[in-house]
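The structure under discussion appears below in the form of structure tokens.
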Amino acid sequence: MTKEENEKRLEYLRGIVSRLPDKPGSYQFYDDKHTIIYVGKAKNLKNRVSSYFHTEVDRFKTKVLVSKIHDISYTVVNTEEDALLLENALIKKYNPRYNVLLKDGKTYPSICVTNEYLPRIFKTRTINKKGGTYYGPYSHVSSMYAILDLIKELYRPRTCRMPMTKEGVESGKYKVCLDYHIKRCNGPCMGKQSWESYQENISQAREILKGNSRKVIRELKEKMELLAEQLLFEEAEEVKQKYLALEGFVSRSEVVSHTIDNVDVFSITSDENIAYINYIHVSNGSINQSFTIEYKKKMDEPDEELLQLGIVELRERFKSESKEIIVPQEVEIDLEGITFTIPQRGDKKTLLDLSIMNGKQYKFDRLKQAEKLNPEQKQVRLMKELQDKLQLPSLPYQIECFDNSNISGSDAVAACVVFKKMKPSKKDYKRYNIKTVVGPDDYASMKEVVFRRYKRMQEEEEPLPDLIVADGGKGQMEVIRDVIQDELQLDIPIAGLAKNDRHRTNELLYGFPPMTIALKTDSELFHVMTQLQDEVHRFAITFHREKRSKRALHSELNEIKGIGPKTRDELLQKLKSIKKIKEATLSELNGFIGMAKANIIFEHFHPTDKTEKG
């Protein structure tokens, strides 16, 4: 691979990483042949996967893995525990090459089932495929020990390391050890457990290690029932204890309920141009496949039609033979021997919700990718969304919002902020001193400012805004409407942002009479609207504080007999604050306003000083 090709590969991978969600899940790395070479889990997918591509990564094995990655996929789940269980299921299914080699610079343990005459089952970090079959590796060591403990409890495989042969067992060469006496081994070395029985136990243990626990449970149940029919109640009870132990273990360790087996799940998420279809396959109680495809719409095809195409495409691609398909809506498609289920509650509904979440996340990732390449696309999308919500005649390119600020009517001011293309346009912000209103009357103040602004814009033929937002409820909207429509005869849409009992903005109002517009409080559009509201609050309060502070300065200087408004303004212009005027020396004041007035001010602030300080 040339340097240019490698840079292009890394740029592609970093693009995927930048779009990963901040959610738990499993991620998969692929090589140049699109074979899974690594499966991992993460509490936060974005943080974990991005760590592989930091320039300061110095672990050799990590660098080797990163050099082989050509593509990345992932599956979002609800919890970190689900991410772990899903990772285990995928590792068992694909046995990725680099899962054994890499995790914090060391290999994780695996479980080995030896190829001996009487196989042993144990954990190991050394892989020698000639000596046995290996399952894992297990990145979550406690789950590996849980499986080992279960196998030891159910099947009691031998733990001694002595090489054993058929001839040695038949000739009585071996003797039982302590494990036999404390009932941790059934003594196959001395024929106290038959070779056939021992091999049956090992076979069932292998199925559990492969993730086929449900298969073993079914076999145990069948055997238990058969023994009961034959009136072999002691043997049936022994099998029953194994059945219950395995059933309890499986119910605690699966991503999906054990009642769901060999099922396909499909969901669809779409917009005007593209449909995203997510596919999840569940086998033996665990998710072992998750994939999303997208269809670009040509003639506004309905979701039902596109979902049918997606089901056929994905089942063929993944060679699915599932007899049950979970879907979110009715589909008119005839597949022989297939049952379609639309769950309303329970485990299958949880699984459908997970598929929908993955489809929405994929759509969101693709949208972020497009908007990263073209930042204006996001702004246009938000303007179009607001236009559709309010049914505006045109895109709200320019939005203006007003707010008042006063304390008991004193120093009353108002502010107007302007957003263009859903972004603050600070050069267009305006500040207003309230001139005609006496006392704390917010409605009258709002009416004055709105009239002044749009009357001037009307006279000077400036472009009017596409939307005015009242920072308040129906009362503020009505005041603005009176001015805009009744007095100025202008046609400008007016919306309002209303607060709940906790003084938090929780709804958007529009129309006459005003109606609540459905808007999710965690949506991007709602965040823009609250940003508009926060910005006009900040701008109005800042202006009010400045005016109040300036008035305080003027009032203190006005109390000094012999100092007029001209001298006061000149001094404030030079020194900016009362504090600096107080700290100024007599000679400094003389330089600004002359000796006579300097003496008056200096003696006012320093009544006990008759000589110049400093």
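One is the number of the first residue; the rest follow in order along the sequence.
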Can you check salt bridge (Lys or Arg N to Asp or Glu O under 4.0 Å) on Lys348 and Glu324, steps first, answer last?
CA-CA 11 Å; Lys348 292 182 180 181; Glu324 181 180 6; 2.6 Å; yes

Just say parallel, tilted or perpendicular for the rings of Tyr27 and Phe29, cut-offs at 30° and 60°.
tilted

Value rounded to 0.5 Å, distance of [atom1] in [X] from [atom2] in [Y]:
| X | Y | atom1 | atom2 | answer |
| --- | --- | --- | --- | --- |
| Gln241 | Glu153 | CD | CD | 9.0 Å |
| Ser197 | Lys192 | OG | NZ | 14.5 Å |
| Leu307 | Phe266 | CG | CZ | 8.0 Å |
| Phe340 | Ile326 | CZ | CD1 | 11.5 Å |

Any Lys/Arg nitrogen of [X] or [Y] sitting under 4.0 Å from an Asp/Glu carboxylate oxygen of the other?
| X | Y | value |
| --- | --- | --- |
| Arg315 | Asp264 | yes |
| Arg158 | Glu116 | yes |
| Glu294 | Lys363 | no |
| Lys223 | Glu200 | yes |

Report yes if the side chains of Cys112 and Thr133 come closer than 4.5 Å at any heavy-atom pair, otherwise no.
no

Do His70 and Tyr30 have side chains that approach each other closer than 4.5 Å (heavy atoms only, starting at C-beta)?
no

I'd like to know whether Asn186 forms a side chain to side chain donor-acceptor pair (under 3.5 Å) with Tyr155, so could you lay out the CA-CA distance, the side-chain angles of the two residues, the decisive distance to 0.1 Å, and finally the verdict.
CA-CA 9 Å; Asn186 293 327; Tyr155 304 115; over 6 Å; no

Okay, side chain of Ser50, backbone of Lys46: is any donor-acceptor separation there less than 3.5 Å?
yes

Give a yes or no on whether the backbone of Leu90 and the side-chain of Gln28 come within a donor-acceptor separation of less than 3.5 Å.
no

Check step by step if side chain to side chain contact (heavy atoms under 4.5 Å, CB included) holds for Asp179 and Ile182.
CA-CA 5 Å; Asp179 278 355; Ile182 61 176; 4.1 Å; yes

